[in-house]
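Convention: sequence-line order gives letters A, B, ...; per-chain numbering from 1. Every heavy atom of this structure was used, including side-chain atoms; hydrogens, water molecules and symmetry mates were not. What you see is a predicted model; the values in this text were computed from it and never measured.
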Amino acid sequence: MAKSISENIKWLWNLFASMKLAVILLLIITSLSLFGTFFAPVAFFHTGWFLVPGFLLMLNILVCSFNRWQRIKTLLQGGKVRQPEAFWSSTEGNSMMTDLPCMTASLAAMTSDVLKKRGYRVRSESCSEIVYLAADKNRYFKLGTYVSHLSLVLFVLAFLIGSAFGFRDTGFIVAEQETRFVGHDTGLSLNLLSFTDAYYEDQTPMDYRSEVVLYKNGQLVKQAVIRVNHPLNYEGTRFYQSFFGPAVRIKFRQASQDDLTISVALPAVSASQGYQRPVGSLVLESAGLSFRFIGSAVNATDKIVPKDQLAVEIWQKNTQTGIHILEKGKPAKASGIEITYLEDIQFSGFQVSRDPGNTLIWIASSLFVLGMIAVLFFVHLQLWIQIKPLPTGKSRIYLRLAAPRGFSQAEEMTRTLEAIKRTVESHP
Amino acid sequence: MADLENLSLTLSLVTILMSMILSVIAFINQQRSARTQSGHAVSGPLMLWNRAAIAMVVATVLLITLTIVSRAVQTKHGPFSNMYEFAISFAWGIVVAGFIFRWRYKTDSILNIGLFIALLLLIFARVKYAVPNPLVPALQQSTLLSIHVASAGVAYGTLTIGFGSAIMYLVQKRRNAPWLPELELLDNISYRAVVIGFPFLTLVILLGALWADIAWGRYWGWDPKETASLVTWLIYAAYLHARVMRGWRGIRSAWLLIIGFAAILLTFFGNYIFTGLHAY
Ligand code: HEM
């Protein structure tokens with residue numbers, strides 16, 4: 001029983017160490033992504049159907065990396081220099097042989113020089129007049145595989161950090177001349193001085209810009225212009241220009257109190273009887289009232305709330321106490337309070353977010369690219385050489401090269417041999 | 001400038017077509033001479049056809065480059081604002097990559113598949129011609145987007161060459177044709193194409209994510225075009241791993257490259273298929 005458990009664990013370990021699982025998981029995730037794009041809402045990518053294979057892939061990477069370490073370590077140190085005789089009898093395309101008019105020892109020295117000039121690290125051993133050389137190149141770049149694969153795990157980590165410790169508010173609305181708290185323990189509040197939308201002659205959008213002032217715990221900390229592609233970043237909290245819409249300035253006058261002028265955004269839409277009207281609401285604590293402002297329709301000529309007029313519903317607790325139509329610039333009395341609809345302004349909609357994982361995402365991205373370039377473009381080469389004396393007084397040199405598939409091995413060996421020959425010829 | 005742009009685009013259509021015709025003639029001649037004087041070096045007139053074909057390819061590269069440059073002079077930004085501009089960049093990537101691979105591996109068959117696809121893209125561009133329009137706010141990120149699209153041109157271009165070579169591989173596997181390059185060479189060309197294309201594909205996605213982060217405040221949002229590019233990337237990642245595995249070399253790897261190319265097309269033409277933030 002105990003044996004079968006350890007066998008099972010071993011089986012699982014080997015499964016997760018295998019590249020086959022990697023390819024299968026990659027193809028499964030590919031298919032799921034396609035499915036998600038065509039047949040499912042975006043939320044699909046946050047369900048177990050997608051996350052579980054992703055998690056398995058990460059596990060696959062970790063186990064695989066761990067499993068490979070012994071081989072990589074040997075490779076970095078450099079394996080055996082002296083290879084058995086059978087090794088040299090290979091007839092595969094990755095070996096070459098030639099006879100040169102030179103003593104074994106000096107040929108070995110020259111070969112070693114040539115290899116070093118060509119960027120190889122050379123180690124040598126000799127045994128009964130035969131010299132063995134082991135040379136390798138770019139061995140440290142082999143570590144790039146770790147850099148690139150572990151950076152993929154960092155991506156996931158960055159995403160988790162972002163989800164756990166960050167926030168994202170996609171509908172942070174501030175009307176012109178209004179200040180709003182950002183919340184989420186930031187201590188920040190944003191004041192919108194003005195919003196401008198500009199268009200080209202053909203009415204396509206040219207620019208959306210919000211002039212803002214940022215306060216932290218009531219202290220002014222930054223004044224900036226937020227535009228698309230130019231977010232405001234303060235201590236990791238970022239504000240993006242996202243959308244905009246109508247707003248109104250309203251003046252309230254209550255008995256024995258100072259006048260109060262407030263900006264009210266009308267971001268919602270109320271659809272009734274074919275009219276689409278912008279709607280916004282406001283709570284006036286000092287009067288114990290709440291208001292719902294309804295603008296003139298944007299999709300048709302409004303007969304009930306004409307242009308330059310504003311409907312207002314007044315609520316006390318949960319009961320509506322009245323509905324009035326306000327004319328621009330004319331004070332109106334309602335529920336014991338005087339309300340004036342002063343002017344039309346705009347509101348700006350921001351996305352506010354803080355993502356502590358963001359920097360890590362770009363670090364992981366850079367690492368992935370660097371690791372991949374290291375492996376793909378600085379190919380690890382391992383060359384074994386045997387030099388032995390011939391009865392004729394010449395020496396025979398064998399070369400055997402190990403390189404990844406796709407690398408032009410014959411070319412590398414021919415060039416190396418040519419260089420050795422030239423050196424031999426230039427030394428009488 | 002608009003006239004120059006139109007003229008060079010039209011001329012590039014002519015030269016690309018000519019280079020294909022000349023390659024075919026060179027190829028047929030090569031067949032004949034191979035049959036009559038087997039084993040002999042390439043003869044004079046044959047070289048001539050080949051050279052003419054190559055001259056036409058060079059002319060095509062220059063003309064497409066001229067089209068892109070004269071367009072950029074008018075719009076004052078890189079070719080990233082619509083399908084017309086992007087199709088031309090894609091075609092440019094294919095022809096340049098094909099030319100370099102032809103020179104490096106001394107075989108034209110792969111270039112020809114590429115040329116055919118580039119021709120289709122240029123025709124598509126011609127049909128989709130769009131007058132230069134000013135940029136909407138989200139696109140006012142010229143440097144980033146220019147590099148994004150240039151990388152896409154290189155990535156898609158080289159991966160198209162890899163696709164051509166994979167097709168040849170499958171044909172060669174069935175036919176064992178002496179007039180096609182050897183299996184090993186075809187496999188190597190595909191692999192080299194991915195070795196260059198994959199890092200650029202990675203760059204395309206990362207720069208896209210960086211732009212999304214700056215413009216929309218999120219680096220990834222599962223937008224259909226984003227997801228399609230991820231799918232493409234995953235397929236080529238699978239290829240890189242499959243190639244090192246026994247049983248997945250050769251035919252299966254070649255199929256992965258063909259599926260990968262289908263994914264590129266899906267990403268490229270995706271905005272006609274699904275709606276998303278990418279209008280291009
Ligand atoms: C999203 C998942 C993955 C991606 C994007 C990816 C990417 C890559 C890339 C770009 C290469 C080539 C260059 C380099 O080594 O850096 C590579 C090679 C490699 N990958 Fe992955 N990989 C992934 C998952 C895995 C997994 C799960 C394993 C474990 C089985 C794995 C094992 C390897 C190995 C062993 C190599 C070296 C192959 C060789 O010797 O040529 N990879 N991978």
Heavy-atom pair of closest approach, residues [X] and [Y]:
X	Y	value
A:Pro205	B:Pro137	O-CD, 3.4 Å
A:Val23	B:Ala242	CG2-N, 3.8 Å
A:Tyr200	B:Leu135	OH-O, 2.7 Å
B:Ala238	A:Leu27	CB-CD2, 4.0 Å
A:Ser33	B:Leu234	OG-CD1, 4.5 Å

Fill in: Non-hydrogen side-chain atoms of A:Phe377 and B:Pro199 separated by less than 4.5 Å
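They are in contact (side-chain heavy atoms under 4.5 Å apart), so the answer is yes.
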Worksheet entry | Side-chain touch B:Asn133/A:Asp202, heavy atoms, less than 4.5 angstrom |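 When only atoms from C-beta onward are counted, A:Asp202 and B:Asn133 do touch, with a gap below 4.5 Å.
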Need one label for [X]: side chain, backbone, both or neither, based on atoms under 4.5 Å from any heavy atom in chain A.
X	result
B:Ile259	neither
B:Trp220	neither
B:Ala263	neither
B:Arg249	side chain

Between [options], who has the most heavy-atom pairs with chain A when the cutoff is under 4.5 Å?
options	value
B:Thr232, B:Asp187, B:Ile214	B:Ile214
B:Leu210, B:Leu203, B:Ile205	B:Leu210
B:Val231, B:Val244, B:Leu230, B:Leu240	B:Val231
B:Tyr219, B:Trp248, B:Tyr239, B:Trp233	B:Tyr219

Assess whether atom [atom1] of [X] is packed by more than 12 heavy atoms of other residues, nucleotides or ligands within 6.0 Å.
X	atom1	result
A:Tyr208	OH	yes
A:Phe66	CZ	no
B:Tyr105	OH	yes
B:Tyr129	OH	yes
B:Gln74	CD	yes

Item to complete: Applying side chain to side chain donor-acceptor pair (under 3.5 Å), run through A:Asn229 and B:Gln140 and close with a yes or a no.
Response: CA-CA 7 Å; A:Asn229 272 313; B:Gln140 293 166 12; over 6 Å; no
Would you be so kind as to tabulate the donor-acceptor pairs closer than 3.5 Å made by side chains of residues 360-375 of chain A, with sequence neighbours excluded?
{"unit_1": "A:Trp362", "atom_1": "NE1", "unit_2": "A:Asn358", "atom_2": "OD1", "d": "2.9"}
{"unit_1": "A:Ser365", "atom_1": "OG", "unit_2": "A:Ile361", "atom_2": "O", "d": "2.8"}
{"unit_1": "A:Ser366", "atom_1": "OG", "unit_2": "A:Trp362", "atom_2": "O", "d": "2.7"}

Worksheet item: Which one, A:Asp355, A:Thr30, A:Ile24, A:Leu25, leads in non-hydrogen pairs under 4.5 Å with chain B?
Response: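 Greatest number of close heavy-atom pairs with chain B: A:Thr30.
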Item to complete: Under 4.5 Å, counting heavy-atom pairs only, tell me which of A:Leu34, A:Leu32, A:Val352 racks up the most with chain B.
Response: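 Counting heavy-atom pairs under 4.5 Å, the top option is A:Leu34.
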Discussion item. Using a 3.5 Å distance criterion without hydrogens, assess whether the side chain of A:Tyr240 forms a donor-acceptor pair with backbone atoms of B:Asp213.
Written reply: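 Side chain of A:Tyr240 to backbone of B:Asp213: a pair is present.
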Discussion item. Quick one: does any side-chain atom of A:Arg168 pair with a main-chain N or O of B:Gly217 as donor and acceptor, under 3.5 Å?
Written reply: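 Checking the backbone N and O of B:Gly217 against the side chain of A:Arg168, a donor-acceptor pair under 3.5 Å is found.
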Practice prompt. Pick one of side chain, backbone, both or neither for A:Asn233, based on which atoms fall under 4.5 Å of a heavy atom in chain B.
Written response: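 The answer is neither part of A:Asn233.
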Worksheet item: Looking at CZ of B:Arg218 and OG1 of A:Thr170, how far apart are the two atoms once the value is rounded to the nearest 0.5 Å?
Response: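 The OG1 atom of A:Thr170 is 11.5 Å from CZ of B:Arg218, to the nearest 0.5 Å.
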Discussion item. Within this structure, what is the NE2-SG distance for the pair B:His241 and A:Cys64, rounded to the nearest 0.5 Å?
Written reply: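 B:His241 NE2 to A:Cys64 SG: 7.5 Å, rounded to 0.5 Å.
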Worksheet item: Aromatic rings B:Trp222 and A:Phe50: how do their planes relate, parallel, tilted or perpendicular, breaks at 30° and 60°?
Response: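 The arrangement is perpendicular - the two ring planes meet at more than 60°.
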